[in-house]
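Report on the structure given below.
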Number of protein chains: 2
Amino acid sequence: MSLDLRKEQVLEAIVISHIETAEPVSSRSIARKYNLGVSPATIRNEMADLEEIGLIRQPHTSAGRVPSQKGYRYYVDKLMKKTELTTREKKLIRAIFAKKVKVLADIIQCTLKAVAQLTDYLVFLSGPYFENDVLKKIKIIQLMPGKALLVIMAETGWVHSKAMDLPSDITADDLAYIELVLNHYFQGLSFTQITRTVLKDVYNELNRYRRTINHILEIMEVVLQEEMKENLYLGGTNRILRQPEYSDIEEVRKLMNFIEREENLRTILQDADPYRVTVKIGEEIKSEQASKYSAVTAAYNIGGNIVGTLGLLGPMRMDYARAMTVVEHITQVLSEALSEESFY
Amino acid sequence: MSLDLRKEQVLEAIVISHIETAEPVSSRSIARKYNLGVSPATIRNEMADLEEIGLIRQPHTSAGRVPSQKGYRYYVDKLMKKTELTTREKKLIRAIFAKKVKVLADIIQCTLKAVAQLTDYLVFLSGPYFENDVLKKIKIIQLMPGKALLVIMAETGWVHSKAMDLPSDITADDLAYIELVLNHYFQGLSFTQITRTVLKDVYNELNRYRRTINHILEIMEVVLQEEMKENLYLGGTNRILRQPEYSDIEEVRKLMNFIEREENLRTILQDADPYRVTVKIGEEIKSEQASKYSAVTAAYNIGGNIVGTLGLLGPMRMDYARAMTVVEHITQVLSEALSEESFY
DNA sequence: TTTAGCACTCATTTGATAGGAGTGCTAATT
DNA sequence: AATTAGCACTCCTATCAAATGAGTGCTAAA
């Protein structure tokens, strides 16, 4: 479906104006603000047509028009112009990320903070995960009697370690043997494969150390799951209250309810195209409760491998151009920050 | 200041009723619901007296009474009866904590979740910190060329480890030597002492490894700071929207603004008496913006050492008895859970 | 000392009205 | 054939007065 030029201009005017003011847009205000060189009456005619196609609608008979979900989609796909961040804003972002942060959690906090400074939407992101990371080596290092360190090294260079208690009758030789077996079974496997399969084989092989191996495998599982778990972080809850749609407390409650269920946000992130900025408008988000929201998402990477996704959630009347620019830029900065050095 | 019995009964009725309904309490409703054996007129007289002392006030001339900050304080100190959690609720808590959680972050999540199930107030807690934990031993373990693991063991049994990159020209002997020196200087010192002092001495002693030692000290600092940082966790933001005081969006904004500034919450936790459940009402919280809120806090411990504090924040019209019970019980469960085993 | 009774206050609800923004349609204009 | 001026019509919103009712304070009687 494609519209003639003037219809597009009218639609664009309606979308832009409504995004800005949150109010229905009247034919007169379009004639005034956007120089289309025609009278309100003409615009009204066009509006009637646009409404028939379903791109805009009227909240009630004597009101102006607001874009429909379809209208926003048309706008995003065909009319929207890309925007840029100001140099000031870019500087701001650099400044936030500039602090030497060595811990993953801090970088995530920086990200949330940066986005919150740039938009009044909800920010959420799935923490880096390494489902496909491949295990390079396992080490068990005895720290003192009854206490050892389990170290898991991955191909990507990430190292995970966790302390654990040992039965007192385990000797250094035992540990060395266990380490050998574990490496034999697990080396070269991806994290997913490890948790799914081979566990049983190992268990049998190391039968005589049952108590210890149980413990070790349990801890390995914890570590791996920790690593593979796509942690979800959320921010901007205060900011979004500035959006006029949330001057009604009921709407706020609904929104809070929606984001309270983590899987809602997870789904949005998972449904995103990993290779480009994705825009989901209203019912395009696969969740009944989300029919009034829109989400803009983009993936971020470490050294080129996609490891997580960042998203903005806001009312359907979202500044899509802005949101896309922000999401794109931030994921890029985030990727760089993560790729720069090895983290814990 | 002490009141005669009937005044106390009236005050108690007003507080309880207002906590329940969030509405001003009339003399008639007291006469009806609480059998004081007197007429509304008598109660009105008592109310006039109570108002004069400043324990209650009238929102406007023809309205009932609501407790004042002083009134709540009197109630909490002298009238309030302790409540108990139902066995059902206790079971619920057990269930939430029962899942095998090995990671600190998970336990915190459990805590937030449990409290959110039990009350409709904001929950927040300062994560366990170990300012006074004493360093037992440092180990540097080479994993592969250019990569080593820095392990910090504390007297409490907690073990922290972090991977780091090494200059390629460092030998195993070098590392052993560095380890020796570090232990020599740091062993037996508390984490606070380590970050504050001795760093310089070490730096001089290990001058010839400057590049490496810089790196190691930096990482040590990160680890220790991570450990000492009183992390702040927050939950229940949705739940508190159920409180009728937050059916006005402006109030919500103010509240969000208040909790957005972490130091506000930090201050509340720091001001708490570590040895008992603390109740701060209205202006007793040292923050201008908090004059309409109340907070109930209690500390939790690991093996008897206090390591953090948990708090509830709500409107002044808070169910103090309930809040205190919940806070007390949860901190206890949390302490047990944390003391049970060694975590990462 | 208590309480019935009543006048008084003031927030809230209700209903009616006016105003205004905006549309849709028709007929005139270009 | 396309545009537009003009006007009737719709429906939301603001305003105001009046009614309502909850609750008090005070006085006088019990």
Side-chain angles (χ1 to χ4, degrees), chain A residues 3-11 13-18 20-68 71 244-245 247-248, chain B residues 3-11 13-18 20-68 71 244-245 247-248 250-251:
Chain A
L3 304 173
D4 66 66
L5 178 64
R6 201 171 58 195
K7 281 199 178 48
E8 288 198 337
Q9 289 177 324
V10 171
L11 176 60
I14 292 174
V15 174
I16 291 180
S17 178
H18 186 251
E20 192 191 326
T21 65
E23 298 293 326
V25 184
S26 76
S27 54
R28 246 193 81 205
S29 73
I30 293 180
R32 214 182 320 113
K33 282 201 291 185
Y34 308 81
N35 288 4
L36 305 191
V38 290
S39 77
T42 312
I43 294 176
R44 277 205 289 284
N45 288 329
E46 300 288 20
M47 279 161 60
D49 292 351
L50 286 170
E51 181 159 10
E52 191 150 8
I53 319 175
L55 293 178
I56 59 179
R57 52 185 193 80
Q58 234 177 339
H60 58 263
T61 325
S62 67
R65 302 304 212 287
V66 296
S68 68
E245 12 276 290
S247 54
D248 175 15
Chain B
L3 303 173
D4 66 66
L5 178 64
R6 201 171 58 194
K7 282 200 177 50
E8 286 198 338
Q9 289 177 326
V10 172
L11 176 60
I14 292 175
V15 173
I16 292 180
S17 178
H18 185 249
E20 192 191 327
T21 65
E23 297 294 327
V25 184
S26 76
S27 54
R28 246 192 80 206
S29 72
I30 292 181
R32 213 184 319 113
K33 281 200 290 185
Y34 307 82
N35 288 5
L36 305 191
V38 290
S39 77
T42 312
I43 294 176
R44 276 205 289 285
N45 288 330
E46 300 288 21
M47 279 161 59
D49 293 350
L50 287 170
E51 182 159 9
E52 191 151 6
I53 320 177
L55 294 177
I56 60 179
R57 51 186 195 79
Q58 234 177 339
H60 59 263
T61 324
S62 67
R65 302 304 209 290
V66 296
S68 69
E245 10 277 290
S247 56
D248 175 15
E250 254 325 294
E251 286 308 314

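In the text below, chain A, chain B and the rest are named by the order of the sequence lines, each starting its count at 1.
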- Task: For the side chain of B:Arg65, starting at C-beta, report the closest nucleotide among C:dT9, D:dG25, C:dG24.
- Result: D:dG25
- What closest approach, in Å, do B:Val25 and B:His18 show between heavy atoms, and which atom pair accounts for it? CG2-N, 3.8 Å
- Query: Of all the choices, C:dA11, C:dT23, D:dT24, which nucleotide is nearest to the side chain of B:Ser27 once you look at every atom?
  - Reply: D:dT24
- Message: Output the rounded distance in Å from CD (B:Glu23) to P (C:dA11).
- Response: 15 Å
- Item | Gap separating the CD1 atom of A:Ile30 from the CD1 atom of A:Ile43, nearest 0.5 angstrom | 5.5 Å
- Query: Distance check: side-chain N/O of B:Thr61 vs OP1/OP2 of C:dT9, anything under 4.0 Å?
  - Reply: no
- Return no unless some side-chain N or O of B:Thr42 is found under 4.0 Å from OP1 or OP2 of C:dT1. no
- Message: Rounded to whole Å, please give me the gap between CD1 in B:Ile14 and P in D:dT24.
- Response: 9 Å
- Taking atom OG of B:Ser27 and atom CD of B:Glu46, what is their separation to the nearest 0.5 Å? 12.0 Å
- Query: How many Å lie between CE on B:Met47 and P on D:dG25, as a whole number?
  - Reply: 7 Å
- Message: Heavy-atom nearest nucleotide on DNA chain C for B:Gly37 versus B:Pro59: which residue maps closer to 5'?
- Response: B:Gly37
- Task: Look at the side chain of B:Ser62 against the base of C:dT9 and say whether a donor-acceptor pair falls under 3.5 Å; ignore hydrogens and angles.
- Result: yes
- Among C:dG24, D:dT24, D:dA5, the one nearest any side-chain atom of A:Ala41 is D:dA5
- CG (B:Asn45) and CG (B:Leu50) are apart, to the nearest 0.5 Å, by 11.0 Å
- Note on the structure: When rounded to whole Å, the CG to P distance for the pair B:Asn45 and C:dT1 reads 11 Å
- Message: Just the rounded figure in Å: distance from C1' of D:dA1 to CZ of A:Arg6.
- Response: 12 Å
- Task: Please state how far atom CZ in B:Arg57 lies from atom P in D:dG23, giving the value in whole angstrom units.
- Result: 17 Å
- Query: In whole Å, what is the span from the NE2 atom of B:His60 to the P atom of D:dG23?
  - Reply: 9 Å
- Using a cut-off of strictly less than 4.0 Å, decide whether B:Ser39 has a side-chain nitrogen or oxygen near OP1 or OP2 of C:dT3. yes
- Message: Rounded to whole Å, please give me the gap between CZ in B:Arg44 and P in C:dC8.
- Response: 16 Å
- Task: Working to the nearest 0.5 Å, report the span between CZ of B:Arg44 and CZ of B:Arg28.
- Result: 10.0 Å
